[in-house]
Amino acid sequence: VSDPRRHASEGNAPYEPVAWTEQGVRILDQTVLPNEERYIVISSIDGMVEAIQALRVRGAPLIGVSAAMGLAAAAGEAADRATLDRAWLDGAMARLLASRPTAVNLRWALERMGAAVQEAFARDLDGRAVAEALRTEAQRVWDIEAGMCRYLGEFGAQLLEPGFTVLTHCNTGRLATGGLGTALAAIYVASEEQHKGIDVVVTETRPLRQGARLTAWELVRAGIPVRVIADSAAGSLMAAAEIDVVITGADRIARNGDTANKIGTYNLAVLASAHGIPFYVSAPRSTIDSTMASGDTIPIELRSAGELDAAPGAEVVNPAFDVTPAELVSAIVTDGGIVEPPFERSLSGVLEQVIPDHRGRV
Ligand code: MRU
């Protein structure tokens, strides 16, 4: 397969959600899209933690990729100052891990970085060589996530019939992954490669409007028809038989298939079920948390009251994610194939497929 990172923007001015530079990790600041394409360069742990928490970089896979790249870049700086040691790295990884709680891809990426640290110190490498080893591993994390997206696109597109109108939520594309995307990858492959004439409806995705701002921006650039709706309009479109299928991404999937994703995903799953519309989730293996039996224990990020425009004095509750029970999920698209209920069994089969370790071996 061709380089997955080169897919979606071909034919348009290229944009890179993350990139390496001599000065550090360059990110496209997603808080100012679509009004402005602003790139910022980050070379410190403080800077990357801030960027992740402020959602300058966001989306489950891209959070992990950015954290890994930020760790490598900051380790390079620390090596130049001769302050890179095990304690510094452990502290840096702990801070990055705590930056956002729900997307398990962050833990997945940092566990790989931790294994690379372990090996570098076991080999008694000097500071610069440790930083170099971390950069190699961060690139591998990126390559693996992007590679898995490609498969999500291939498999997910099988679920989309020619002429389908697909409802999706939040942003699950290049901006969320550093690859083709998760749910959106299916739409890219079905539209751009298979020319199936897919129409996309995307929910605005309150409160931070990742659907209206980011998914619409990506799809317009790719020349794929997209209509933005208010979150609360989803039910009426389904009732009017205007939606053939719903497909979303995930931030963490438990062993039984319970799925945490952007707040409002659960609402869509309930509505889809009530209208007899298939509800699919698309996620790479880095999003499946084999340590969690069900969604009950998935940590849900609570974000600040300021993100909702409420009257001063009113109490605000602002969960960033919700959990969709497995019973409402028709199938999960993974990079190992499309899995169906009962997920306990089908997901464990996918998890048995081995992702290359930090030395690139399976
Ligand atoms: O808060 P965000 O913007 O990081 O939330 C993103 C989502 O919920 C996506 O749907 C999810 O990460 C899966 S797709 C990459």
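Whatever order the structure lists them in is the order used to number ligands and atoms, beginning at 1. Because the structure is a prediction, the values reported are computed rather than measured.
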inquiry  = Heavy-atom count check: over 12 atoms from other residues, nucleotides or ligands less than 6.0 Å from Gln53 CD?
reply    =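 Correct, the count exceeds 12.
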
ask   = More than 12 heavy atoms of other residues, nucleotides or ligands under 6.0 Å from CZ of Phe164: is that the case?
value =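 Counting other residues, nucleotides and ligands, CZ of Phe164 exceeds 12 neighbours.
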
Is there a polar contact between ligand 1 and [X], counting only N or O atoms under 3.5 Å apart?
{"X": "Asp251", "result": "yes"}
{"X": "Gly59", "result": "yes"}
{"X": "Gln210", "result": "yes"}

inquiry  = Test of understanding: given a 4.0 Å heavy-atom threshold, classify the contact between Lys262 and ligand 1 as side chain, backbone, both, or neither.
reply    =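 Answer for Lys262: both.
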
ask   = Backbone, side chain, both or neither: what part of His169 comes under 4.0 angstrom of ligand 1, heavy atoms only?
value =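 The answer is neither.
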
Just which atoms of ligand 1 are under 4.0 Å from any heavy atom in [X]?
{"X": "Ala60", "result": "12 (O), 15 (C)"}
{"X": "Pro61", "result": "15 (C)"}
{"X": "Thr172", "result": "10 (O), 14 (S)"}

Establish, from distance only, whether the side-chain atoms of [X] and [Y] form a donor-acceptor pair under 3.5 Å.
{"X": "Tyr188", "Y": "Glu218", "result": "yes"}
{"X": "Arg213", "Y": "Asn171", "result": "no"}
{"X": "Ser44", "Y": "Glu77", "result": "no"}

Can you pull out the closest protein heavy atom to [atom]? Residue, atom name and distance to 0.1 Å, please.
{"atom": "atom 3 (O) of ligand 1", "value": "Arg58 NE, 2.5 Å"}
{"atom": "atom 13 (C) of ligand 1", "value": "Ala250 O, 3.1 Å"}
{"atom": "atom 14 (S) of ligand 1", "value": "Thr182 OG1, 3.2 Å"}
{"atom": "atom 9 (C) of ligand 1", "value": "Asn261 OD1, 3.5 Å"}

At their closest point, which heavy atom of [X] faces which heavy atom of [Y], and how far apart are they?
{"X": "Pro17", "Y": "Leu62", "answer": "CB-CD2, 3.9 Å"}
{"X": "Val270", "Y": "Leu328", "answer": "CG2-CD1, 3.8 Å"}
{"X": "Ala326", "Y": "Asn256", "answer": "CB-O, 3.1 Å"}

key: Option with minimal heavy-atom separation from atom 4 (O) of ligand 1, where the choices are Arg174, Arg100, Gln30, Glu301   =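 Nearest option to atom 4 (O) of ligand 1, by heavy atoms: Arg100.
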
ask   = Within 45° of the six-membered ring axis of Trp108 and under 6.0 Å from that ring's centre, is NZ or CZ of Arg112 located there?
value =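 Yes, Arg112 and Trp108 form such a contact.
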
